[in-house]
Amino acid sequence: MSPSIWLLKTEPNEFSIDDLKARGKAGEPWDGIRNYQARNFLREMQKGDLAFIYHSACDVPAIAGLAVVQKSAYPDAAALDSSSKYYDEKSTPDNIRWSRVDVTFKTKFKQPLSLKQIKSEPVLADMKLVKSSRLSVSPVTQQEYEVIMALVN
DNA sequence: GCCAACGTTGGC
DNA sequence: GCCAACGTTGGC
């Protein structure tokens with residue numbers, strides 16, 4: 001079965017595709033997701049799936065590259081850490097409400113695909129990213145994946 | 001279980 | 001920095 005495709009949103013000020021690249025093979029835990037719909041998508045992610053890395057809240061919002069899912073969902077321990085900005089007082093060691101996955105760097109696009117370009121492409125204008133701009137983890141269809149890859153090459 | 005108030009996100 | 005969209009909270 002071919003891998004599923006996802007889109008992960010990040011603010012490049014906080015963590016960018018370059019930061020992910022710098023992590024190398026160690027990868028990065030994708031934590032701090034505090035939205036149920038996004039969490040439920042996270043939990044569907046499987047090792048080997050691909051994820052577009054989207055830069056939001058920056059000068060040029062754009063899909064910046066691709067990552068690979070290294071480890072499927074497991075409890076996001078940051079929810080238990082009262083010093084973390086991702087602390088969740090309703091989570092307990094027995095019942096952590098939130099999940100994270102681990103991802104590794106795959107590709108940085110020479111030409112990031114800007115939100116403006118995405119919106120101008122009929123096939124992509126229906127993407128969850130466009131329709132529900134606040135969702136930080138969203139599925140990408142095979143067709144969307146192929147169109148995006150064609151546009152960034 | 002409804003809904004108003006409030007907080008957050010993110011494009012512009 | 002503004003503001004629209006939307007998720008969450010909490011009073012009733």
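To find a chain, count down the sequence lines: A is the first, B the second, and so on, and within it residues start at 1. Source: prediction; values computed, not measured.
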Tell me which donor-acceptor pairs under 3.5 Å the side chains of residues 63-72 of chain A have, and how far apart each pair is, sequence neighbours excluded?
unit_1	atom_1	unit_2	atom_2	d
A:Gln70	NE2	A:Lys25	O	3.2

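In this structure A:Tyr86 satisfies the ring-ring contact (aromatic ring centres under 6.0 Å, His included) test with no other residue, sequence neighbours excluded. Residues satisfying the ring-ring contact (aromatic ring centres under 6.0 Å, His included) test with A:Trp6, not counting sequence neighbours, are none. Considering only residues two or more places apart in sequence or on other chains, A:Glu144 meets the salt bridge (Lys or Arg N to Asp or Glu O under 4.0 Å) condition with none of them. Scored by the ring-ring contact (aromatic ring centres under 6.0 Å, His included) test, A:Tyr54 finds no partners at all (sequence neighbours excluded).
If you check every strand for non-hydrogen atoms under 4.0 Å, A:Lys116 touches nothing.
First and last contacting nucleotides of DNA chain C toward chain A (any atom under 4.0 angstrom from a heavy atom, 5' to 3' order): C:dA5 to C:dT9.
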